[in-house]
Amino acid sequence: MLSHVNRTEEARNILVQNDRGGYTIPTAGLYPYQWNWDSAIAAMGFAEFDIDRAWQELETLFTGQWPDGMVPHILFHKPDPGYFPGPDVWGGVGPIPSSGITQPPVAATMARLVWEKDMQAGEERLRALWPKLRAWHEWFLKWRLDEGAVCVTHPWEAGRDNAPDWDDVMARIDPVGVGEYTRRDTSHVDSSMRPTKYDYDRYIWLVQMGRRFGWNQAALLEENPFRVADPTMTFLLLRAHRDLLLMGVRLGLDTTGIADEIALLEAGARTLWNEDLGSYDSRDTKTGAWTGSITNASYLCWLAGIESARQAEHLDRSLAAVPYGAASLDPSSEKFDAKRYWRGPTWAFMNFLIGLGLEDFNHPLAGRLRQVTHDLLNDHGFAEYFDPTDGSPAGGKSFTWTAAVWLGWASKQDRGES
Ligand code: DGY
């Protein structure tokens, strides 16, 4: 077990070592490019010791923004044969090679945290970034709403690749014609920690379909069988839009329309309440069916400004069931799988986002979640994710967002900060 000081030094080194010149890769080998939400979380970590570098991370992310406002989930700045599916498979149509889907929009929320570290240093940077953030949010509002809730069109878009939320939709996809391909992820980490071949065939089939339609959103709205209204996207966009409004007002910018959009998203978020489950849940927009899973995305409600006593009961129960929660899937679920990515493991950056929301409400679970995350990282280091039953590290090692969460959130109590 390392001392707090050593962990902090190690975390900084991870950010510096994963820096590829203006952007940070999540981890060498497994994820060798710039990932959208990883990068936004990295900016929050950099802000603890290098504000200029923090802004640069966000600025580089937006160099990949498409003309329609979308910000891709991966930017392929430099070729790397160790990753599949690469730029040739995706055929992104933006200014630099990219994937064709997006990821949960946490950039505005992280920009606010970076700005609040040093408002003077950040003002001009934020002024330049703000319209780009807005354009991205507007893109979601234009193309991705279902009753005001925000939809994902690929499991990778929610960032929770193999979450049980997608099981029924994935089962309806027949990945016919997907062809031969070689996965690269399982040459970097153990296959028991990664999605299965069954999942992967469907991920690739969806990519091929998007590419066939040139990533035209109007066409894909008709053709894509995968359209799930999801708590990750919905809660995170709602929160990000609140932060966008707050920053816009403080900067004296034109914020016309944003308050109404927030009200729409808020109503949308409430449509994700599954009364039978007593939890926020994903809804398959093609069938109207609930997915029936209590996931760590369900616990993002507080971050979006929504209090829920019943959701808190689930989190409380889940934290009591495993020593290192919040588990990505409720430990009492029959689908719980402690090491398999989004079907059980605990993710430090999700705990951070959930914790930020709980802290806004001065919720008693806030301190508990931060302590658990602190102990997990202090004792087990900076892996991609962890087995919540024993804390053992899983997935990629020396992981950027895990290190960033240590610097910007989990270690704060050791420094006497709140
Ligand atoms: C991967 O490559 O597995 C990523 O999760 C896709 O974004």
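Count residues from 1 along the sequence. Atoms within each ligand, like the ligands themselves, are counted from 1 in listed order.
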**Report entry** Stepwise side-chain hydrogen bond (donor to acceptor under 3.5 Å, both in side chains) check, Tyr181 with Asp201
**Finding:** CA-CA 9 Å; Tyr181 61 90; Asp201 281 351; 2.5 Å; yes
Query raised in the report: Stepwise, does the side-chain hydrogen bond (donor to acceptor under 3.5 Å, both in side chains) test hold for Trp136 with Thr102?
Result: CA-CA 10 Å; Trp136 186 24; Thr102 192; 3.1 Å; yes
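Set against the non-hydrogen atoms of His73, the atoms of ligand 1 under 4.0 Å away are 6 (C), 7 (O). Ligand-side atoms of ligand 1 in range of Arg194: 1 (C), 3 (O), range being under 4.0 angstrom from any heavy atom.
Among Tyr83, Tyr203, Tyr200, the residue whose heavy atom sits closest to atom 2 (O) of ligand 1 is Tyr83. The nearest non-hydrogen atom to atom 6 (C) of ligand 1, considering only Tyr31, Tyr341, Trp37, Trp156, comes from Trp156.
Glu9 and Asn13 are not linked by any side-chain donor-acceptor pair at a separation below 3.5 angstrom, with hydrogens and angles left out of the test.
If you look at Trp35 and Tyr83, their ring centroids are closer than 6.0 Å.
Here the protein heavy atom with the shortest distance to atom 5 (O) of ligand 1 is Asp161 OD2, 2.5 Å.
The backbone N or O of Val71 sits nowhere less than 3.5 Å from a side-chain atom of Gln65 that would complete a donor-acceptor pair.
Put simply, no part of Phe84 is less than 4.0 Å from ligand 1, judged by heavy atoms.
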